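Along the sequence shown, residues carry numbers from 1. The shown structure was predicted, so the numbers you read here are calculated from the model rather than taken from an experiment.
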Amino acid sequence: LLALLAVCAGAYLWHAYSGTLPPRAGRFELPGLSAPVTIEWDARGVPTINAQSLNDALAAQGFVHALDRPLQLELRRRAVRGRLAEMAGESLLWMDEESLRLGYRRLAIAESARLSPATHNAMQAYLSGIAFGLTQVQRSAPPDCRVAGATLDAWDAADVLALGRIFAGELSN
């Protein structure tokens with residue numbers, strides 16, 4: 001009886017959540033590409049991107065990040081903006097306070113205004129890939145995003161640059 005119950009529960013969960021898995025096949029029309037890009041996932045889910053330009057590869061990389069890691073993107077974006085406790089609760093308020101005190105986003109906003117034109121274009125390509133990927137994910141949010149109450153809001157250049165500052169801080173500890 002327990003085995004039958006376990007099989008039924010597994011079948012229900014598979015049915016309920018299998019439609020939330022990121023797409024691994026098909027054709028997507030990423031806006032702004034200069035040439036076709038191919039993304040192939042191996043048996044372990046590791047993507048390989050083939051593109052004819054750096055900006056097209058960066059757009060595809062942003063798209064893949066949004067498909068494969070939407071909750072991680074949401075948590076990191078909130079962390080750099082000092083808004084993690086809004087979603088994760090008061091126990092993480094100290095992280096928001098630290099992020100705001102250290103000024104990760106404030107410094108990144110100033111830094112983003114000084115990007116060279118080529119770097120700005122590359123950043124915009126990556127961000128457009130994230131934005132397009134998040135629109136695909138929002139159609140059927142993965143279970144972890146639904147449970148966490150993730151809103152999957154848009155990213156900007158300052159978010160990416162601030163994230164680099166947080167990574168550097170984590171590595172230095």
Pairs of donor and acceptor atoms involving the side chains of residues 49-59, under 3.5 Å and at least two apart or interchain, shall be tabulated with distances.
unit_1	atom_1	unit_2	atom_2	d
Ser53	OG	Asp56	N	3.1
Ser53	OG	Asp56	OD2	3.4
Asp56	OD1	Ser34	N	3.1
Asp56	OD2	Ser34	N	3.2
Asp56	OD2	Ser34	OG	2.8
Asp56	OD2	Ala35	N	3.2

*Might you point out which heavy atoms bring Asp68 and Gly45 nearest each other, and give the distance in Å?*
OD2-O, 4.3 Å
_Give me the atom names and distance for the closest heavy-atom approach of Val137 to Ala66._
CG2-O, 3.3 Å
*So do the side chains of Met123 and Leu161 get within less than 4.5 Å of each other, counting heavy atoms only?*
yes
*CZ of Arg78 to CE of Met95: how many Å apart, nearest 0.5 Å?*
13.0 Å
*Glu74 with Arg77: basic N within carboxylate O range, under 4.0 Å*: yes
*Calculate, to the nearest 0.5 Å, the distance between atoms CG and CG belonging to Leu73 and Leu67 respectively.*
10.0 Å
*Do any N or O atoms from the side chain of Asp159 and from the backbone of Asp156 form a donor-acceptor pair under 3.5 angstrom?*
yes
*Quick one: list whatever passes side-chain hydrogen bond (donor to acceptor under 3.5 Å, both in side chains) with Ser116, sequence neighbours left out.*
Thr119
*Which pairs with one or both residues in residues 130-173 pass ring pair (Phe, Tyr, Trp, His ring centres under 6.0 Å), sequence neighbours excluded?*
Phe63-Phe132
*Nearest 0.5 Å please: distance from the CG atom of Leu75 over to the CG atom of Leu92.*
9.0 Å
*Is it true that Met87 and Trp94 fall in one hydrophobic cluster, defined by side-chain heavy atoms closer than 4.5 Å?*
yes
*Looking at Leu134 and Pro70, what are the two nearest heavy atoms and their distance?*
CD2-CB, 4.5 Å
_OH on Tyr104 to CD on Glu111, rounded to 0.5 Å_ = 13.5 Å
_If you define the side chain from C-beta out and look only at heavy atoms, does anything of Leu127 sit under 4.5 Å from Gln124?_
yes
*asked:* Quick check: closest heavy atoms across Val64 and Pro47, and the distance to 0.1 Å?
replied: CG1-CG, 3.5 Å
*asked:* Is there a path of hydrophobic side-chain contacts, each under 4.5 Å between heavy atoms, that joins Leu115 and Ile109?
replied: no
*Look at the side-chain heavy atoms of Ile, Leu, Val, Met, Phe, Trp and Tyr, link any pair under 4.5 Å apart, and say whether Leu102 and Leu163 land in one connected group.*
yes
*Asp153 CG to Arg81 CZ distance, which is reported to the nearest 0.5 Å*: 7.5 Å
*Got a donor-acceptor contact below 3.5 angstrom from the Arg114 side chain to the Ala110 backbone?*
yes
*Mind checking what makes side-chain hydrogen bond (donor to acceptor under 3.5 Å, both in side chains) contact with Gln61, not counting sequence neighbours?*
His65
_Just to verify, what does Glu90 make a side-chain hydrogen bond (donor to acceptor under 3.5 Å, both in side chains) with, not counting sequence neighbours?_
none
*Pairing residues for Arg69 by the side-chain hydrogen bond (donor to acceptor under 3.5 Å, both in side chains) criterion, not counting sequence neighbours*: Gln72
*Minimal non-hydrogen separation, Ser99 against Ala79, with atom names*: OG-O, 2.9 Å
_Close side-chain approach of Ile166 to Arg76, heavy-atom, < 4.5 Å_ = yes
_Is there a continuous path of hydrophobic side-chain contacts, each under 4.5 Å between heavy atoms, that joins Val160 to Leu71?_
no
*Look up atom CG in Leu84 and atom CD in Glu98, then write down how far apart they are to the nearest 0.5 Å.*
12.0 Å
